[in-house]
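Encoded as structure tokens, the structure appears first; notes follow it.
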Amino acid sequence: MQMLTPQQLVQLTALRRELHRTPEISGEESATAQRISAELEALGADRIWRDLGGHGVAAAFEGEASGPTVLLRCELDGLPIRELSDLPHKSLIDGKGHLCGHDGHMVSMLGVGMRLATRPATGRVILLFQPAEETGAGAKAVIADHRWTEIRPDYAFAYHNVPGRPLGEIGLRAGPGNCASRGMQIMFEGKSSHAAAPEDGLSPASAMAALMTSLPALGSGQIGDEDFALSTLTHAHLGEPTFGIAPADGELRVTLRTMSNARMDTLIADALAEVARSKGALSVDVHWHDVFPAVVNDADATAIARDVALGLGHAINEMALPMRWSEDFGRIGDDGPKAAMLYIGAGETQPQLHNPDYDFPDALLPVVIDQFSGIVERLLGARKL
């Protein structure tokens with residue numbers, strides 16, 4: 001695969017900043033998908049799938065001979081966060097921003113697509129631009145799409161940039177890489193009454209107060225421990241902002257987080273038991289949101305990424321602990337391929353993910369493009385010219 005020219009890197013940087021100006025949040029990525037599709041057409045992709053699991057886009061680059069399918073995945077969506085910066089390419093959409101770096105992730109994979117102008121010797125490469133990663137819905141929807149059988153890979157790789165780590169450092173961890181998590185929404189319904197006669201109503205206040213203590217107490221261990229669990233209270237609402245009414249309704253939101261899917265199952269059961277124990281005569285409904293399985297990195301796929309990084313002279317971070325934050329790439333790994341996520345340093349002074357002043361570092365683009373192009377060449381070989 002031929003190296004990118006300085007002019008191509010300039011083009012990719014300009015595209016990254018263009019995407020940064022026009023973010024679309026999960027489930028709304030239609031214009032972004034159209035822009036990516038146009039780029040893939042210009043790159044001469046052998047086949048393009050559109051509207052995968054929503055607004056997803058995938059493109060195939062076929063090798064000369066039969067061989068394995070290698071999927072490289074990135075994300076289309078931005079965040080419902082207002083960007084606060086003085087950048088000339090800051091978001092033009094009020095209340096929305098590419099404040100996680102998915103604009104850079106997309107352009108990185110388009111850079112690999114540029115290098116695939118020289119096709120691999122065998123197999124095929126699939127570049128997947130996935131929708132709705134931030135809500136945990138996208139990978140599940142893509143895999144449920146009836147066309148997934150035409151795409152299903154033998155190997156799958158993805159990455160996330162990691163602020164606080166040296167720029168371009170390749171973080172690797174076989175086994176658990178990202179935690180499982182899910183949002184638990186608990187809705188309470190009782191009976192209102194005059195504040196002077198609360199005994200004639202049924203208030204959720206006592207149940208909510210008990211759960212605001214007992215649910216966070218379900219946490220155990222530290223990240224890296226097999227028994228690790230975290231239960232974080234994120235929202236509480238009780239009644240109306242008045243003085244004359246004893247409340248009837250309430251809501252709690254809690255985020256559950258574990259290092260494994262099995263531990264998540266037990267944490268869910270424990271949380272539901274606490275709700276049942278505390279609810280008394282109240283009517284209670286529990287709803288689940290933003291469901292992410294754990295990312296478990298395959299040892300062979302991780303070793304391939306390590307060999308490539310060493311060959312390129314990249315610094316490597318052999319991660320002792322998984323990331324606490326979640327990623328729905330785990331669903332792709334659960335579907336059967338040898339899959340690995342890479343955690344690539346975005347700079348030690350880079351603002352944190354989801355901060356209002358975050359911006360993907362353009363200097364990271366050539367590092368990522370070389371790394372993922374190297375993985376393709378390692379698995380599929382280079383065509384002899």
Side-chain angles (χ1 to χ4, degrees), residues 4 7-43 45 48-59 72-116 127-135 138-139 142 158-163 327-329 344 346-347 350-351 353-369 372:
L4 297 185
Q7 182 57 35
Q8 286 176 311
L9 288 171
V10 169
Q11 292 171 357
L12 289 170
T13 298
L15 177 59
R16 204 282 300 175
R17 295 179 180 184
E18 175 189 328
L19 292 170
H20 190 90
R21 291 187 190 96
T22 55
E24 295 178 299
I25 62 173
S26 300
E28 300 178 2
E29 312 99 333
S30 58
T32 304
Q34 290 174 16
R35 186 71 177 88
I36 294 298
S37 294
E39 292 293 325
L40 292 168
E41 289 175 0
L43 291 175
I48 298 176
W49 294 265
R50 296 174 175 83
D51 301 321
L52 280 167
H55 297 300
V57 180
L72 307 180
R73 173 275 210 173
C74 61
E75 317 94 321
L76 291 166
D77 51 340
L79 287 159
I81 301 174
R82 181 185 177 195
E83 181 174 3
L84 300 176
S85 78
D86 297 322
L87 295 170
H89 56 274
K90 69 177 293 186
S91 174
L92 300 176
I93 313 300
D94 190 42
K96 300 177 183 180
H98 267 301
L99 302 173
C100 203
H102 294 179
D103 50 346
H105 297 179
M106 285 185 273
V107 170
S108 301
M109 296 311 166
L110 288 173
V112 175
M114 285 182 171
R115 292 191 60 174
L116 286 167
L127 301 182
L128 172 62
F129 298 79
Q130 181 204 298
E133 188 282 325
E134 294 289 355
T135 63
V142 167
Y159 87 99
H160 211 291
N161 73 94
V162 182
E327 240 288 350
D328 76 352
F329 182 68
I344 303 184
Q350 174 76 8
L353 303 174
H354 297 201
N355 277 184
D357 57 344
Y358 171 90
D359 184 41
F360 181 91
D362 292 317
L364 193 55
L365 290 174
V367 174
V368 176
I369 293 166
F372 281 84

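These numbers were taken from a predicted model, which means no experiment stands behind them. FYI, side chains are in, hydrogens and waters are out, and symmetry mates aren't considered; it's all heavy atoms of this structure.
Among the candidates Glu75, Gln130, Arg73, the single residue satisfying the side-chain contact (heavy atoms from CB on, under 4.5 Å) test with Phe329 is Arg73.
Remark: side-chain polar atoms of Lys90 are paired, donor with acceptor, to backbone N or O of Ser85 under 3.5 angstrom. A side-chain donor-acceptor contact under 3.5 Å links Asn161 to the backbone of Cys100. Looking only at distances, no side-chain donor or acceptor of Glu29 sits under 3.5 Å from a matching main-chain atom of Leu76. The closest donor-acceptor contact from the side chain of Asp328 to the backbone of Ala139 lies under 3.5 Å. Side chain of Arg16 to backbone of Leu365: no donor-acceptor contact under 3.5 angstrom is found. Although no hydrogens or angles enter the test, the distance criterion places a donor-acceptor pair under 3.5 Å between the side chain of His102 and the main chain of Asp77. No donor-acceptor distance shorter than 3.5 angstrom exists from the side chain of Glu134 to the backbone of Ala132, with no hydrogens or angles considered.
Among all heavy-atom pairs drawn from Leu128 and Ala58, the shortest one is CD1-CB, 4.1 Å. Across every non-hydrogen atom of Phe360 and Ser108, the tightest pair is CZ-OG, 4.4 Å. Across every non-hydrogen atom of Ser37 and Ile48, the tightest pair is O-CD1, 4.1 Å. Counting all heavy atoms, side chain and backbone alike, Leu19 lies closest to Ile36 at CD1-CD1, 4.4 Å. Between Pro163 and Tyr358, the shortest heavy-atom contact is CG-CE1, 4.0 Å. Residues Lys96 and Ser91 share a closest heavy-atom pair of O-OG, 2.7 Å.
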Do His105 and His160 pass the side chain to side chain contact (heavy atoms under 4.5 Å, CB included) test, and can you show the C-alpha distance, the side-chain angles, and the key distance before you say yes or no? CA-CA 8 Å; His105 297 179; His160 211 291; 3.6 Å; yes

Walk me through it: do Glu24 and His55 pass the test side chain to side chain contact (heavy atoms under 4.5 Å, CB included)? CA-CA 11 Å; Glu24 295 178 299; His55 297 300; over 6 Å; no

Using side chain to side chain contact (heavy atoms under 4.5 Å, CB included), reason through Met114 and Leu12 one step at a time and then give a plain yes or no. CA-CA 10 Å; Met114 285 182 171; Leu12 289 170; 3.8 Å; yes

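For His20, the ring-ring contact (aromatic ring centres under 6.0 Å, His included) partners two or more places apart in sequence, or in a different chain, are His89.
Note that the CE atom of Met106 and the CG atom of Leu15 stand 8.5 Å from one another [nearest 0.5 Å]. If you take CG on Asp357 and CD on Glu83, they are separated by 8.5 Å, rounding to the nearest 0.5 Å. Put simply, CG on Asp103 and CD on Glu18 are 11.0 Å apart, with the number rounded to the nearest 0.5 Å. Residue Leu127 holds its CG atom at 7.5 Å from CG of Leu110, rounded to the nearest 0.5 Å. With values rounded to the nearest 0.5 angstrom, Arg82 atom CZ is found 12.0 Å from Leu99 atom CG. The CD1 atom of Ile344 lies 6.0 Å from the CG atom of Leu364; values are rounded to the nearest 0.5 Å.
The closest side-chain heavy-atom distance from Pro23 to Leu79 is not below 4.5 Å. In this structure, Pro131 and Leu52 have side chains that are not in contact, with every pair of non-hydrogen atoms separated by 4.5 Å or more.
Aromatic ring orientation, Tyr159 versus Phe372: tilted (interplanar angle from 30° to 60°).
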